[in-house]
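Just so you know, ligand 1 is whichever comes first in the structure, and atom 1 is the first atom listed for that ligand. Because only heavy atoms are used, hydrogens play no part in the values below, and waters and symmetry mates are left out as well, while side chains stay in.
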Amino acid sequence: MPDTQPVFRFAPSPNGLLHLGHALSAVLNHDTAKAAGGKFLLRIEDIDKTRCRPEFETAIFEDLHWLGLNWEQPVRRQSEHLDAYATALARLDGMGIVYPAAMSRGEIKAAVAKAEAVGRSWPRDPDGSPLYPGQERESSARERADLIESGRAYAWRLDMQKAIGLLGDAPLTWIESGAGPSGEDGIIVADPAAWGDVILSRSDAPSSYHLSVTVDDALQGITHVVRGRDLYHATSVHRLLQSLLGLPEPLYHHHRLVLGTDGRKLSKSNQDTGIAAFRSAGHSPEDVRALIV
Ligand code: GLU
């Protein structure tokens with residue numbers, strides 16, 4: 001096979017049972033890869049040890065096998081590759097664009113509530129969470145060293161403005177063959193600034209989703225990222241990290257979300273739409289395919 005062979009991946013987190021939305025993502029990746037004579041990889045995104053459980057990983061394999069999918073071996077498990085994410089973080093640190101920050105989610109919320117109580121509006125990221133206020137961006141080398149030595153929990157954040165400042169003059173873009181929330185496709189201009197100073201790792205969780213997904217897509221030679229539209233805006237951060245770390249740019253396809261009968265996005269806690277629930281109710285894999293494609 002030539003080395004231009006397309007490589008697709010399905011990258012679930014084992015923090016719950018797979019539902020119809022995951023089935024759509026997995027089937028789309030698998031079928032498109034096969035049709036293109038490419039490879040289909042399965043990656044287990046299990047960095048968050050507080051939420052991921054081995055029984056959910058077993059259920060992922062069972063559900064995907066039942067759907068009739070097969071994938072390359074070995075399966076990459078992110079928790080087994082923490083050194084790769086630490087190396088990427090160290091490179092960004094060497095560029096002077098990361099800093100340790102101790103402000104917790106609760107403290108950020110409180111600061112936002114205080115500002116909003118006096119009529120100030122607070123910027124939100126594309127997922128609706130308030131942006132980190134950024135105080136610790138200005139802390140001195142001494143203050144940073146003291147925080148790291150203190151034993152307090154902290155996160156490594158990306159100094160977004162500094163990071164963007166390192167990009168060249170050409171706009172940061174990606175090629176989208178699916179559709180964004182308002183139907184966007186074609187060449188999309190990334191807007192990483194909308195996310196503020198994103199977290200890249202925490203003292204208690206060695207890598208964030210953004211950092212590990214970007215590193216792994218490159219390490220595994222992923223040429224096509226096919227995933228749900230809920231991750232469309234996250235692509236801006238991934239493109240920024242790719243550019244900073246000199247990693248290749250995959251093509252992107254964000255597919256529609258499978259919605260519940262109430263019109264809302266499916267969640268892993270809603271067992272009715274779980275692939276396993278369809279299986280135990282006597283449905284066939286073809287029935288499930290017919291519901292999603
Ligand atoms: N692990 C992510 C999830 O469970 C998906 C990552 C991706 O496809 O980029 O939603």
Would you say the side chain of V98 lies within less than 4.5 Å of the side chain of L89, judging by non-hydrogen atoms?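 When only atoms from C-beta onward are counted, V98 and L89 do touch, with a gap below 4.5 Å.
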Item to check | Y132 side chain reached by M160 side chain, heavy atoms, under 4.5 Å | outcome: no
_Full working for side-chain contact (heavy atoms from CB on, under 4.5 Å) between Q220 and V7_ = CA-CA 8 Å; Q220 294 193 290; V7 185; 5.8 Å; no
(message) Can you name the atoms of ligand 1, numbered from 1 with element, that are less than 4.0 Å from a heavy atom of V213?
(response)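 Here the atoms of ligand 1 in question are 9 (O).
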Would you say P12 has any N or O atom under 3.5 Å from an N or O of ligand 1, going by distance alone?
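Among all N and O atoms of P12, none is under 3.5 Å from an N or O of ligand 1.
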Face-on cation placement of R279 at W66 ring, 6.0 Å and 45° thresholds:
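Yes, R279 lies over the aromatic ring of W66.
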Check your understanding: Between R289 and E286, is the closest basic N to carboxylate O distance under 4.0 Å?
Key -> no
_Taking the ring of H253 and the ring of H224, is the distance between their centroids below 6.0 Å?_
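No, the ring centres sit 6.0 Å or more apart.
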For atom 10 (O) of ligand 1, the closest protein heavy atom turns out to be L231 CD1, 4.3 Å
In this structure, atom 5 (C) of ligand 1 is nearest to the protein heavy atom A11 O, 3.3 Å
Residue-level breakdown please: for V225 versus ligand 1, do any non-hydrogen atoms fall below 4.0 Å on the side chain, on the backbone, on both, or on neither?
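For V225, no heavy atom sits under 4.0 Å from ligand 1.
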- request: Quick one: look at Y209 and ligand 1, take heavy-atom pairs under 4.0 Å, and tell me if it's side chain, backbone, both or neither.
  value: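 Y209 to ligand 1: side-chain contact only, backbone stays beyond 4.0 Å.
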**Item:** Sub-4.0 Å heavy-atom approach of R9 to ligand 1
**Value:** yes
*Between H254, E45, H22, flag the one that comes closest to atom 6 (C) of ligand 1 by a heavy atom.*
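That would be E45.
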